[in-house]
Each structure stands twice: as C-alpha cells, then as structure tokens.
Colleague: 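Got a structure here, written out as structure tokens. Questions coming.
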4 protein chains.
Amino acid sequence: MTPIRRYGLETPDVNGGKPLRADARRNRARVLEAADDVFAAKGVSASTEEIARRAGVGVGTVFRHFPTKEALLQAVLVERFGRLAEQARGLAGAPAPGPALFDFLHHIVAQSATKNVFTDALTKAGVEVEEMVAEVGRELWSALDTLLTRAQGAGAVRDDIRTGEVIAVIVGASRAAEYAGRDPDLQARAVAVIFDGLRPGPRP
Amino acid sequence: MTPIRRYGLETPDVNGGKPLRADARRNRARVLEAADDVFAAKGVSASTEEIARRAGVGVGTVFRHFPTKEALLQAVLVERFGRLAEQARGLAGAPAPGPALFDFLHHIVAQSATKNVFTDALTKAGVEVEEMVAEVGRELWSALDTLLTRAQGAGAVRDDIRTGEVIAVIVGASRAAEYAGRDPDLQARAVAVIFDGLRPGPRP
Amino acid sequence: MTPIRRYGLETPDVNGGKPLRADARRNRARVLEAADDVFAAKGVSASTEEIARRAGVGVGTVFRHFPTKEALLQAVLVERFGRLAEQARGLAGAPAPGPALFDFLHHIVAQSATKNVFTDALTKAGVEVEEMVAEVGRELWSALDTLLTRAQGAGAVRDDIRTGEVIAVIVGASRAAEYAGRDPDLQARAVAVIFDGLRPGPRP
Amino acid sequence: MTPIRRYGLETPDVNGGKPLRADARRNRARVLEAADDVFAAKGVSASTEEIARRAGVGVGTVFRHFPTKEALLQAVLVERFGRLAEQARGLAGAPAPGPALFDFLHHIVAQSATKNVFTDALTKAGVEVEEMVAEVGRELWSALDTLLTRAQGAGAVRDDIRTGEVIAVIVGASRAAEYAGRDPDLQARAVAVIFDGLRPGPRP
DNA sequence: CATGAATGAGATTTCATTCAT
DNA sequence: TATGAATGAAATCTCATTCAT
C-alpha cells in the first residue's frame, strides 16, 4: 500500500471499486505516462488522439480510464505530486537540512524544466483544481513544510519565509528555467539566483 | 512623432502604409485592448469571437486588422514590449539607479501579474517569435541592460548578473506572482524574495 | 448609338435613368475590364475585392455600378456577347462564306481559350441567365445563323447542321482549347479536329 | 483481388494500410458517391456540409476519410478515372476496333454529361493535380492509346490523331454535351459532330 | 460619388466524447 | 474490455454586401 495508491490514483468508480484487471492496469499506466510526456512536450492543448497513439492504445481506452481530458490531466498531476511528496518525505531525516531542501528544490525544477503542465496546474491549484489533486498537493505541502522548518533551524534559509512562499518561488524558478530553454548555463544561473533569494544574510 | 509610430506598434503595412482612417484606428485600438484583456484572462486559446465581442466589433473587423490569430497575439506583445521599453528608457537617467531598476522590475511583474500572455511569449521569444516582436524585444533588452549596468555601478545588484539572467528572473517572478493569485501578501513576499536574489552580499 | 450601348450595358436604374457622369462612366468601364480579366484568370470565385484592386477603385464603387456580383458577371458577358455579335454581323457580307465562318469560330475560341467564364455562362444560358444576357445572346445567335446559312450555301459546312449545334461545338472547342492549356500545338490540332466535324464529307 | 485495390481507388494510407472496418468502408463509399453527386450538381464549390448531409453522415466523418476538401475531390476523380480505365481495358480486345473506340468515347461523355467535375479536373490535370490522380490518369491514357491505335489500324480514325488530341476532344464533347443540357437531341447531334472530326475523309 | 472599414453568415477544419463492432 | 469510426460543437478565416466618412 504505497501512498501513491492511497491517494486516489484510480479514476473513481469507473468500475465500481473492483480492482482493475492486470491488462487494464497496464494500459492505465501507459496512458498516464504517455499523457505526461505529451502534455509536457506540446502543452495541455495536445489532442487525446495523440496521447492514445503514444500510449499504443485506442482513444476509447483513454476515455475508459479517464472520463474526461481534464480528469486525465489531473491524474497526471496527482501522480507527479504524489511522487514528489514521497521524495520529500524521504529527505525529512537527512543529516544536512539546508542542502536537503535546496537539492529538493533543484530536483523539482529539473523535472519541470520543459514541463509547463506541472506549474500550470500548481498555479491554478488554489483556485479550481479538484479535491483529489488538492489532497495530494497538501501532502506535498506538508512534506515541504518539514524540510523548510528544518532548513531554517539549521540557518540555511531566512526566517521570514513560509511554505507558501517556497512554493511560489519554485513555480517561478521552473518558469525561469523553461524560459532559459536551450541555454543550460543561463538556466542554471537564473535558477541559482532565484533560490539565493531564500538564503539568509551574506551569500555563501 | 507619436509614440505609436516611434515604437513600431503598428502591424506593418496591412494597408500599404497609408494612415488608418479615424474609425479604423479607434477600432484597431479597441481590438488590441480587448485582445490583451481576454488573452490575459483566459489564455491564448481564448476565441477570436470573444475578443470581437469584448471589443464591440464583428469578427471580420478583427481579421481585417490582424490577418491571423497569431498576428493578433504578436500585436498585443509588440504593444506591451514597446510600452515597457519606453518606460525603461524613461528611467535611464534616474538619480538612484538601484531603486530605478527594482521599481521597474516590480512594475513589469505588476503588469503581468494575471497576464500570462506576456511571459508565455517571452518564453517562446528565442524560438519562434516573428521579427517584429523580436525587434521590440531587443529594444526592451537594451533599455534593461542600461538600467542593470547602472544599478551594478551603484552597488545595488550583484556583479555576476547579466541582462539574460534578469529577464529570466522577471519571467520567474511574474509566474510566481501569477501563482500567488488571490493572496496579495503572499504575492508581494514571493516576488520580493525572488528579486532579493539579485542583490549583493548581506541582505538589507 | 453603338449596339453595345443599345443592348443594356448599363446596370438598369442605378441612377434613375440619368446619364452617368464622365468619371463614373470611366470607372464603370475600368471595373468591367478588370472583372473580365480577373474572372478569366481566377474563375468566377475570384473576390470582388481583387476586381476592385485591379480596377484601381474601392469595392464600394464596384457595388455602386453593379448591385451584386452576379450582376457584374452578367455585365461582363453582355459585353462579350455584344462584341462578338457585332463582329459576326461585320462578316455577314464577306466574299468567302466558308472561311468567314471558320475564322469567326476560331476567333471565338482564341478569345475564350483561358476564359472559362464565357463558356460557363453560355452553358447556363438556356437555363437561368437573366433576360439581358439572353437578349444579347439572341443577337449573337442570329448573326451566327446568317454566317452558317451562307457557309452551307457555299458547300463549306454539312447541311444537317443548325445554329444550336454550332454553338455547342464552339463551347466544346473552347473547353478543349482550355484543356490543352500550355501546349499550343495540341491546342491547335484539337480545335481543328473538332471544327472539322462541321465540314461535309463521307461519314462511315 | 478487388478492383478497388487494383486500381488504387483508396486514399493512400489514411489509416496506415490496415483494411477499413466494414462500417467505415460503407461510409466511405457513401461519402464518395454523395460527393460525386453533389459536385456534379453544384460544382466543386459545393459545401462539405452538404455532402455530409447527402451521405447521411456528420461532417467529421467526411474529414476522417478525406483530410481536406481537395483530397475528397481527388478521390472522386480517382474513382472515376479508375472505372473508365478499367472499362477501356475491357474493350482492348473487341473485334471491331472502330466502334469500340467510338462507343467508349460516347460512354465517357454520357457519364460526364452533367458532371463538370470530371472535365474540370482533366483540364487542370497537367498542371496541379496530385500524383495519385495523375497516376490513374496515366492508366486511362494508356488504355485509350491502345484503343486508338487499333481503331487507326482498322481505318476508323484519321492517322494524324494522337491520344492527346483524343482526350482534348473528349473534354470538348463533354462540355458541349453539358451545354446542350436539357435538349437530348441537340446533345446527341453536337457530340456526334465533334467525334466526326476524328474520322478519316477529305479535308478541304 | 468614391472610399474602404465593418459586418456576419457560411466555409473548412479540429477534437473531446460516444458508441457500434 | 479494447478499438477506432462517427459525431457535432466550436474555432479560424473569407467574402459579398452595407454604410459611415
């Protein structure tokens, strides 16, 4: 029973709560992965047909697992948020809280670099995203909160920062990285500058 | 010498260089403003029909002034970039170079707060934006460069920063602000944190 | 009082029967000529805007002279039919009736080679073309009838041919010429073969 | 070995070469037939919507089978050309080569009587029609070439005629027939006259 | 009168979603 | 259950026609 399973990655009630057949579960995973890739590459306006093609299934199969395109997008986000939350929890006991936090921030940005979906969704998160995503989002928030508190305790982050700001800064850094596009040096410098804003006092 | 002529804000040569008739110019401006609002509120996938409705004109009028939707989007950007560049040039001789730069940065973010179009386009700028937008973008770049150099001369900005990074950071700050959405306090704090990354040494 | 004037080349009643001002008459002629060219080059689906551009006037002017696009097309045809009828009448007293007819036939085809409009209209003529065009058409029919009768009297055309067939054959020859397109040799041979069908001789 | 496969009547590779499902094949045929009828009745500017209506399917279905209107028109032509080529080949061994050719010519004209599409396309054929149509056109050309040579061998057609002229003459006869419209007698006589031009005999 | 900007119905094309196979 | 064909609403764009300048 991984946290991922626990937080509703199944489309609710599509088959009345019965566990999915092995092949169905496999198809579901392939669709999810394909959707992640395609949304990342072409934005959320990419067609369902293309996702199906990439997943090697028919469109009908996509809609069997995710009743609407919106639901598919949310499932992609739940998946991502869930993974990130899990990774954050794994860092909660790290010996060096400062580097633990900053490494995690860079990890998120690296993941999102060309993946506008992720931050798009985070941006809308407070407004209209469904409960399921919101719940996994709270998991992530909470894990991040722990990392932040510990980093502040270690003097690696300014005291006047709270988790909300950190998330906003992550969103910003991801977008800056996306903007920097094909220039990896510029990307690295811009992200570094943004995260430096979180650090206290004189720069290391 | 209207600012409009000077900053190239017109679609080039749609009617062979003749000046627009009074009513046409009025409608063009209304369409542009409506497009800016609608793109900002609903993203670039908002329909042309809605823009026409908001501008109080028929769709045909929109297409008369801007032959494709893409052209309309570009005109919106040219307009924005042009205005920003003009403002940046206006600050070039300001007595306090540090505040001049930071005020300008905040100004851009304030303008873009809920207007993803702007940074969306900046993000694509290096890749596929047309020459006209690119040109106005270069004007902005150059004006920003001046402000940055003077702020560094005044010790208000780290010496290892270049204009490219500043633009990436602006993009990031704009997106962070957009994310912060309805919480103005969070918005202000997140943007402040991000721009603090540009400042040298110990934080004020 | 040319036949051209006589057969209704003016749009009926656009200005209550008053004679057109000199500049208006000039514009009307330019529009007519431009329409002929443009319809010929691009087919009847060419836009009114393009015709206006070619005529060097505004669209409004086109519509002032010809209340609908259909009316403009008809005026073009009336013009053409009228000119042809006039030329046919001029040949009525020619010393060699056979060559007179065949030269006239080739003349029509040469004129129509790339001008589908003309034969398009002839094709619809029996069905739905307006009275004005029909009237000028009858003029042409009658002039052609004279040429045909004389050519048959001279033994240059089969006796079992009537004017209706000749017109149909003209339409066919024009289209064959149009088909032959860029190959002038093929064009000449095909048209010659078709008109040879009108000549007397042993038929298997 | 269906004639359909053999004569390339299918849109190539729209679904990766897999055979169409039964219902899809049925719909495709209905669309093609409806398009043929509608194009014939109203010309190529008839709307896709009307074709869909006539076929009893949604517009989407038309576009699934034929990605553009142009593609649909071409498919109609390929269908027709293919059928004609097949029929021509069927006549290649006929005992009386003269009548075989002339019967075939009349057959084409009868088919095209009210169907301007066919000759419209033939007219443009040398210029811009796509490869697929051109290929089927070559098949037709080649079959016709055989018929012609044999008819000339039998002394039923002038020796100075080549296949190119025959095709041009067919186009002309079809248009003459179309022109003759509602008068079947006139139609028959005009077509006969035109084809008589192909027969041998004294030419003045 | 001339102009060309504005209009809006209609054309082509796309795509999320449904449903027969 | 999986498939992909069918659907039709909606989007972009065109153009004959009207009307303010």
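Sequence lines set the chain letters: A, B, ... in the order given, protein chains first and strands last, and positions in each chain run from 1. This is a predicted model, so every value here is computed, not measured.
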Colleague: Is it true that, when you exclude C/Glu50 itself, more than 12 heavy atoms of the residues, nucleotides or ligands shown sit nearer than 6.0 Å to its CD?
Modeller: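 Correct, the count exceeds 12.
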
Colleague: Just how far is it from atom CG of A/Leu32 to atom CG of A/Asn27, taken to the nearest 0.5 Å?
Modeller: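 One finds 12.0 Å between CG of A/Leu32 and CG of A/Asn27.
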
Colleague: Suppose we define a pair by two distances each less than 3.5 Å, Watson-Crick or G-U wobble; what does F/dG8 pair with here?
Modeller: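 By the stated definition (distances under 3.5 Å), E/dC15 pairs with F/dG8.
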
Colleague: For E/dA20, give its Watson-Crick or G-U wobble partner with both distances under 3.5 Å, or none.
Modeller: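 Result: F/dT3.
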
Colleague: Roughly, in whole Å, what's the span from CD1 in A/Ile51 to P in E/dA16?
Modeller: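 The answer, rounded to whole Å, is 8 Å.
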
Colleague: What is the distance from atom NE2 of C/His65 to atom CZ of C/Arg25, rounded to the nearest 0.5 Å?
Modeller: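 Nearest 0.5 Å value for the NE2-CZ distance: 11.0 Å.
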
Colleague: I want to check something: taking the side chain as every heavy atom from C-beta on, are C/Leu73 and C/Phe66 in contact at a cut-off of under 4.5 Å?
Modeller: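 When only atoms from C-beta onward are counted, C/Phe66 and C/Leu73 do not touch, as no gap falls below 4.5 Å.
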
Colleague: Can you see if the side chain of B/Thr61 gets near the phosphate of E/dA5 - specifically, an N or O under 4.0 Å from OP1 or OP2?
Modeller: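 Indeed not, no polar side-chain atom of B/Thr61 lies that close.
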
Colleague: For a quick test of reading the model, state the closest non-hydrogen atom pair linking A/Ala34 to A/Arg54 and the distance between them.
Modeller: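 Scanning both residues, the minimum pair turns out to be CB-CG, 3.4 Å.
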
Colleague: Is C/Arg64 close enough to E/dC1 that one of its side-chain N or O atoms is under 4.0 Å from OP1 or OP2 there?
Modeller: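 No, outside the criterion.
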
Colleague: For A/Phe39 and E/dA16, give me the distance from atom CZ to atom P, rounded to whole Å.
Modeller: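 Going from A/Phe39 (CZ) to E/dA16 (P), I get 9 Å.
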
Colleague: Starting from the 5' end of DNA chain E, give me the residue, D/Ser47 or C/Asn27, whose nearest nucleotide shows up first.
Modeller: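 Taking each residue's closest nucleotide, the earlier one in sequence belongs to C/Asn27.
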
Colleague: To the nearest Å, give me how far apart CG (D/Leu72) and C1' (E/dA11) are.
Modeller: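 One finds 14 Å between C1' of E/dA11 and CG of D/Leu72, rounded.
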
Colleague: Would you mind reading off the distance between A/Arg25 atom CZ and F/dT1 atom P, rounded to a whole angstrom?
Modeller: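 It works out to 13 Å between those atoms.
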
Colleague: What is the minimum heavy-atom distance between B/Phe63 and B/Thr68, and which atoms define it?
Modeller: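 In terms of heavy atoms, the two residues are closest at CE2-CA, 4.3 Å.
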
Colleague: Which sits closer to the 5' end of DNA chain F, D/Gly58 or C/Ser45, going by the nucleotide each is nearest to?
Modeller: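 Of the two residues, D/Gly58 wins.
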
Colleague: Could you state the atom-to-atom distance from CZ of B/Arg53 to C1' of F/dA11 in whole Å?
Modeller: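 That distance rounds to 12 Å.
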
Colleague: So B/Ala52, base contact, sugar-phosphate only, or nothing? Heavy-atom distance under 4.0 Å.
Modeller: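 Counting heavy atoms under 4.0 Å across all strands, no contact is made by B/Ala52.
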
Colleague: Would you tell me if any nitrogen or oxygen in the side chain of C/His65 comes within less than 4.0 Å of OP1 or OP2 on E/dC1?
Modeller: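 No.
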
Colleague: Mind calculating the distance between NZ (C/Lys42) and P (F/dT14) to the nearest angstrom?
Modeller: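 Computing the C/Lys42:NZ to F/dT14:P distance gives 14 Å.
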
Colleague: Check for a donor-acceptor pair, side chain of B/Lys69 on one end and backbone N or O of B/Ser47 on the other, with a separation under 3.5 Å.
Modeller: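 Side chain of B/Lys69 to backbone of B/Ser47, a donor-acceptor pair under 3.5 Å: no, none is there.
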
Colleague: Sort me out a list of protein N/O and nucleotides 17-21 of chain E N/O pairs below 3.5 Å, or just none if empty.
Modeller:
{"from": "E/dT17", "atom 1": "OP2", "to": "A/Lys69", "atom 2": "N", "distance (Å)": "2.8"}

